[in-house]
Amino acid sequence: MTSDPRDPQQSPAAPDEVLAVLLGVLGEVLRIPSDRIDPDQSFRTLGLDSLLTAQFVALVNQRYGAGVEPTDLYEYPTPAAFADLVVCEAVHTP
């Protein structure tokens, strides 16, 4: 069986792995190297506006088969906090 990193049917990844992927996706959306993103800074401080938020969340949902909403970034305002939500959503999404 081959491993496709975009296959939502795979077993969920560890939170640290999810955070690393989210930082990569966020870096692509913001057009900055992911290693320059502080996972404890707010998305707003990092420069994520409403359009970029929608793009980021869509890519995350596509990658993990999760059902997170752009508004979830209000309750989980940092990449580190959002990674925890994505792990939970990916585990509980059929």
Side-chain angles (χ1 to χ4, degrees):
M1 182 167 149
T2 61
S3 177
D4 181 349
R6 292 170 289 168
D7 183 357
Q9 301 304 316
Q10 289 185 12
S11 60
D16 288 344
E17 293 171 357
V18 171
L19 178 58
V21 171
L22 292 184
L23 292 176
V25 172
L26 186 58
E28 289 177 23
V29 169
L30 294 173
R31 298 181 180 174
I32 60 172
S34 62
D35 61 350
R36 294 187 52 211
I37 300 172
D38 179 350
D40 294 316
Q41 263 194 326
S42 73
F43 288 111
R44 184 176 182 154
T45 301
L46 293 168
L48 212 62
D49 62 21
S50 60
L51 292 175
L52 294 176
T53 295
Q55 181 183 1
F56 173 63
V57 169
L59 290 169
V60 169
N61 284 334
Q62 179 182 8
R63 168 66 172 84
Y64 287 102
V68 296
E69 298 288 332
T71 55
D72 289 331
L73 271 66
Y74 291 116
E75 190 171 343
Y76 301 89
T78 67
F82 189 63
D84 291 338
L85 173 65
V86 171
V87 169
C88 289
E89 285 289 321
V91 168
H92 293 101
T93 301

(message) One pair to check against side chain to side chain contact (heavy atoms under 4.5 Å, CB included): Gln41 and Ile37. What are the steps and the verdict?
(response) CA-CA 8 Å; Gln41 263 194 326; Ile37 300 172; over 6 Å; no
(request) Can you measure from CZ (Phe82) to CG (Asp72) and round to the nearest 0.5 angstrom? (result) 6.5 Å
(message) Using every non-hydrogen atom in the two residues, find where Val57 and Glu69 come nearest and quote the distance to one decimal.
(response) CG1-C, 3.9 Å
(request) Check step by step if side chain to side chain contact (heavy atoms under 4.5 Å, CB included) holds for Arg63 and Val25. (result) CA-CA 10 Å; Arg63 168 66 172 84; Val25 172; 5.6 Å; no
(message) Consider side chain to side chain contact (heavy atoms under 4.5 Å, CB included). Of Leu59, Val60, Leu51, Leu46, which one does Val29 pass it with?
(response) Leu59
(request) Drop me the distance from Leu30's CG to Gln55's CD, to the nearest 0.5 angstrom. (result) 9.0 Å
(request) Take Phe43 and Tyr76 through the side chain to side chain contact (heavy atoms under 4.5 Å, CB included) test and state the conclusion after the steps. (result) CA-CA 9 Å; Phe43 288 111; Tyr76 301 89; 5.8 Å; no
(request) Of all the heavy-atom pairs spanning Pro15 and Ala83, show the shortest one and how long it is. (result) O-CB, 4.4 Å
(request) Kindly give the heavy-atom pair with the smallest separation between Pro79 and Pro39, and that separation in Å. (result) CD-O, 3.3 Å
(message) Please determine whether residues Leu48 and Ile32 belong to a single hydrophobic cluster, defined as Ile, Leu, Val, Met, Phe, Trp and Tyr linked transitively by side-chain heavy-atom distances below 4.5 Å.
(response) yes
(message) On a heavy-atom basis, which atom in Asp40 and which in Thr78 lie closest, and how many Å separate them?
(response) O-CG2, 3.5 Å
